[in-house]
Each structure stands twice: as structure tokens, then as C-alpha cells.
Amino acid sequence: MKIFNTLSNKLEEFVPIHKGKVNMYICGPTVYNYIHIGNARPVIFFDTVRRYFEHKDYEVKFASNFTDVDDRIITKAIELEQKEIEISEKFISAFLKDVERVNSSTDYIKPKVTEYMDEIIAYIGMLIEKGYAYKVEGDVYFRVQHVKDYGVLSNRNVEDLISGSRVEINHKKENPLDFTLWKKTEVGIQFESPFGKGRPGWHTECVAMIDDIFKEEIDIHGGGSGLMFPHHENEIAQSQVLNGHKIARYWMHNGLLNIKGSKMSKSEGESILVKDLTIDANAFRLFTLSTQYRSPINFSDESLDVYSKEWDKIVRVYKQLFLKLDLEDMLEGTAKIDPDLLSIYKSFLQAMDNDFNTPNAITELQNLVKKANQLVRAKTEPNILLSALKVFNDFFDVLGLKIEIKPMEKENKEIYKLWIKARLEKDFDNADKYRNILQENGII
RNA sequence: GGUCCCGUAGCCAAGUGGCUAAGGCAAUGGACUGCAACUCCGUGAUCGCCGGUUCAAAUCCGGCCGGGACCUCCA
């Protein structure tokens, strides 16, 4: 299994630190607003990564944080005359609803900054103690020049960063690249610390959380490519000097979602919120996973329509398989694999093994649809139909797709059989009648 | 100003040194069909442009054109 590691900029064979286990951490949202569909991309993608590892029988420990202390939350709290916690709690539950809405698991470790204040303060304290950070007028900054290879992740060198800097010079800093670990604040929520009253900077929370949750270097750290610099770079810098490792063996970054040629951003309008999506979650997942995760996706209503249709097609053939097996009471039977099905299944795994190539995996799903349509019409033996159904279930499991279908009740099953019989006997009046009943009962 | 990425048929999108450049949508021809819906089979690109390296390039190198990202909060 190969993963593209942003740290080395290469495709690397995945070797877990502990055999059979994967520890992964994904940077989560700052909870000051509803998430837009661009924010949903990492949610869906890394959920799929997790599902695939689990499909391969890895034991996955998955954590993703909530940044619930941030200037934007404070600003919003003041604006709405509410407490910060009311804002953050509201958007945490909204976020989790959205995660569910896109068929992603909410069963993971969810640390919050407010619950990790002690660890964060302790982490900053250690950085100061060892000389990697310094206090100035109630602020604490990290000394970037102490990190030899600052810039490894995002492929930048310190000189370029300084010369190209558009940042306003902050005279409190020893070096313009130094970043804030603790910020003295006058407005909004404040926390007590040995450095004074204020709030932590953004870059320490993830390191402190990972340190506490996993106690060691982890396998995968993921997030959107927008986080690579400076956030992930700064995480690495802190961990490098304090823990002697770069937090994770494999760093994975997803590309952005663009709308009308430029990125969808919370700060620049033109956002489509996940909660406002009218498209089926499965179709939306297909849309998201139809582009390799590192490439940008161009959003358009047209592509959404394409995947809606695609999903409908998948549902139709799946239901046909299911009903056919149900009629013959073969849903619990023994599956018999067909060579074509086997090769589709293998190609699917191959695609996923190659840096989670979900577009190619989806192509195999389409091949499966075609094959299943042929099997359904060819009076195939039920054992083979059953294996087709099982392959579908495996693919759905990995891609996070869901079809709600239950075995028919006895009554419907009888009507279904009558329908088939009437058609065979060319008794079309009755055939139409039975078909109507089945449609009304939601069977077909 | 600095750093970096991308440009494959009408649209979406794989492939990143080597058999005839996957797949989907749309279009079009055909098959199946009691009707409706569905479904299956066939048909299209020499890979932004120019030059170079190589026995061989969409894939590597250089230049140009076009689009985008990052350097500041951002998935």
C-alpha cells in the first residue's frame, strides 16, 4: 500500500509503526460557523482512508480536534452578545450533524482546546524552559531559527519566506518568522497561565493533543493543503525540538475545492454550506471522491447532477440484485465468485492501495454496475448474484455509500411473484396492477 | 516581489517513460422491450504551444501562453 507523503514529496510504501494498527490525526474545524462543502472534502476523504484501513483489518485510532478558542469565535461572541462557549458548542454540534450528513463516521476522539488548556500551557512552558520560546510583554513566541530544517514540509526556505513576507513587522518578535504560542488578550475569553492572561496560539493545540492522546509519533497526520503552511510546519517545528520527531511518519494533504475557478473560502462569500445541500449524501461522496484527493476539485451543479444520476444507477441495479435474491430466499446463501467479479474486486483494491486512488476505485464500482446489470438479465445462478451483491457491499463499505433496503415482507413477495407470472403470461392488465402495488409499497 | 502547482476529447476525469491514451456524462448508431423506465453493444482525443533529451514522452528538461494556490485567517 502506497501513500504520497507530503513530507518527502514522494509516494512511499506504508509501514505502520505498530503492526496492524494505524494512528491518525486530522486537523478539525474552528467552530465559529457552519462548514461549507470545501470543508467537507477532508472529512469525506479521511473518513474513506479510515474505512479502507479498517477494511484491510487495521485497528484504527482516529482523532480530530475542535478549535474552540480563536479570535473569530471571540469576535462572533461579541457580535451576538453571547459567550464563546455558546458559539462553539452550537457549531460543534452543527459540524457533527454535517459529518453525519455526508455519511462520515462521528465515532472518533474529539479533543477541544478548552479541554486541553493545561496540556497546551505545559507544552508552551517546556518550550520556554528549553529555550525554544521566549516571552515578550505577555506574549510567547517560538524561535524558528532554532529549527534546522524549518520549511521541510512545505518546501520553503527561511530566506524566501523572509524576503517574500507580506506580514507586518511585529517588533516584539526576534525574527519575523517566529510564531505566536501565547497571546496576551484584552477582549473576549481569557485563560490564566504562568505567562499571563490570554489565549493560546493556534499551532500548539494539535501537537499537545497528539502528544497526550497517542503518547508518541503517529502514523498519519492529515488536513487540507491550506494548512501545510504555516500550521503544519509550525507543528513540526515544535515537536521536532521538544519530542525529537516530526509528529507523524506520513503527512497527507487534500486539495481544495474550487468554485468558478477559485477556492471556496469561509471569508470570501460564494460558499455552499453542507447543511444546505439538497443532493443525496451518496452522490455527494461520489462527486468528492471522483477526483484524486490531492488535485483541486471544480465544483459545478452540472457535475453534481452527473453523480446524482450515477448514484441512481447504482441503486437500481443493487436493488434488482437484492430483490432477485430475496425472491429466491438466497440473501443468506453461499456466494460463488465469478472471474469478472473477482478481477473487478482486485482492481478496486489495487486502486485504493495506490495512494487511495478513489477515482479509479469508482471506475471499478461502475464496472461492477455494468457486470451486475449483465448478470441480472442473463438468468445467472443466484450464488453468483449473491457474490455480486457482496462485492457491492464491500465497495460501499470502503467508500461510505449506503442503500437502505430490507428483505420484502411475505405479502409483497407474493405480489412480486404474481407480477412476474402475469408478465410471462402476457396478462398485462394484471401485470400493471401488480407493478402499481409494488411501486406504492416502495418495493420497486 | 518570492515559492509552488496545474493545463488530457463538448464537459468531468484516470494515466507521470514503452502494448491500440482508462472510465463516466453529453451526443450519435444499434440491440433488448407489451407500455413506461431501465439495461447492454458500438462510435470520438496524439495529451496548451514551441524546442530539447531518449531507441521510445501526455509522462523528463528548457522557454512561452493560460489558470490557480501559498507567503496573512483559511480544509
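Below, chain A is the first sequence line, B the second, and so on; all start at residue 1. All heavy atoms count here, side chains included; hydrogens, waters and symmetry mates do not.
For B:C40, the OP1/OP2 oxygens have a side-chain nitrogen or oxygen of A:Asn373 closer than 4.0 Å. Contact annotation: A:Asn258 does not reach the phosphate of B:G67 (side-chain N/O to OP1 or OP2, under 4.0 Å). One finds a side-chain N or O of A:Asn39 lying less than 4.0 angstrom from the OP1 or OP2 phosphate oxygen of B:A75.
Counting any heavy atom pair closer than 4.0 Å across all strands shown, A:Leu227 reaches sugar-phosphate atoms only and no base atom. At the heavy-atom level, A:Gln292 lies under 4.0 Å from the strands shown only through sugar-phosphate atoms. Counting non-hydrogen atoms under 4.0 angstrom, A:Gly28 reaches nothing in the nucleic acid. Note on A:Gly223: only backbone sugar-phosphate atoms sit closer than 4.0 angstrom, heavy atoms only; bases stay farther off.
For the C1' atom pair drawn from B:C49 and B:G66, the interatomic distance equals 10 Å after rounding to whole Å.
Contact check on A:Asp47 versus A:Arg285 returns a salt bridge, with a Lys/Arg side-chain nitrogen under 4.0 Å from an Asp/Glu carboxylate oxygen. A salt bridge does not link A:Lys173 with A:Asp139: every distance from a Lys NZ or Arg NE/NH1/NH2 to an Asp or Glu carboxylate oxygen is 4.0 Å or more.
Taking A:Gln240 as the reference, A:Lys246 meet the side chain to side chain donor-acceptor pair (under 3.5 Å) condition, with sequence neighbours excluded. With sequence neighbours excluded, the residues satisfying side chain to side chain donor-acceptor pair (under 3.5 Å) with A:Thr204 are A:Gln238. In this structure, A:Glu328 has no salt bridge (Lys or Arg N to Asp or Glu O under 4.0 Å) partners at least two apart in sequence or on a different chain.
A donor-acceptor contact closer than 3.5 angstrom links the side chains of A:Asn234 and A:Tyr150. One side chain, A:Asn430 or A:Asp427, offers a donor N or O that lies under 3.5 Å from an acceptor on the other. Residues A:Asp355 and A:Tyr293 have side chains that bring a donor and an acceptor to within less than 3.5 angstrom of each other.
Listed in residue order, the members of residues 89-98 of chain A having a heavy atom less than 4.0 Å from RNA chain B come to none.
When the nucleotides B:C25, B:A75, B:A14 are ranked by their closest atom to the side chain of A:His36, B:A75 comes out on top. Of the candidates B:C73, B:A75, B:G15, the closest approach to any side-chain atom of A:Arg72 belongs to B:C73. Residue A:Glu310 has its side chain nearest to B:C25 when only B:A14, B:A75, B:C25 are considered. Side-chain atoms of A:Pro42 lie closest to B:A75 of the nucleotides B:A75, B:C70, B:C40. Comparing B:C25, B:C40, B:A75 by their closest approach to the side chain of A:Lys263 singles out B:A75. Nearest to the side chain of A:Glu302, among B:C11, B:C40, B:G15, sits B:C11. When the nucleotides B:C40, B:C38, B:A26 are ranked by their closest atom to the side chain of A:Gln320, B:C38 comes out on top.
Residue A:Tyr141 forms a side-chain contact (heavy atoms from CB on, under 4.5 Å) with just one option from A:Leu181, A:Leu127, A:Leu177, A:Val136, and that option is A:Val136.
Closest-nucleotide positions on RNA chain B for A:Thr291 and A:Lys371 were compared, and the one nearer the 5' end corresponds to A:Thr291.
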Base versus backbone protein contacts along nucleotides 32-37 of chain B [heavy-atom cut-off under 4.0 Å; B, S, -]: --BBB-
Per-nucleotide protein contact string for nucleotides 16-23 of chain B, where B marks a base within reach and S marks sugar-phosphate only (heavy atoms under 4.0 Å, - for neither): ------BS
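Applying the Watson-Crick and G-U wobble criteria (two distances, each under 3.5 Å), B:G62 pairs with B:C50. The nucleotide B:C40 finds its pairing partner in B:G30, both defining distances of the Watson-Crick or G-U wobble pair being shorter than 3.5 Å. Look at B:A45: it lacks any Watson-Crick or wobble partner with both distances under 3.5 angstrom. With a cut-off of 3.5 Å on both Watson-Crick or G-U wobble distances, the partner of B:C70 is given as B:G2.
Judged by a 6.0 Å distance limit and a 45° cone about the ring axis, A:Lys97 is not positioned over the six-membered ring of A:Phe95.
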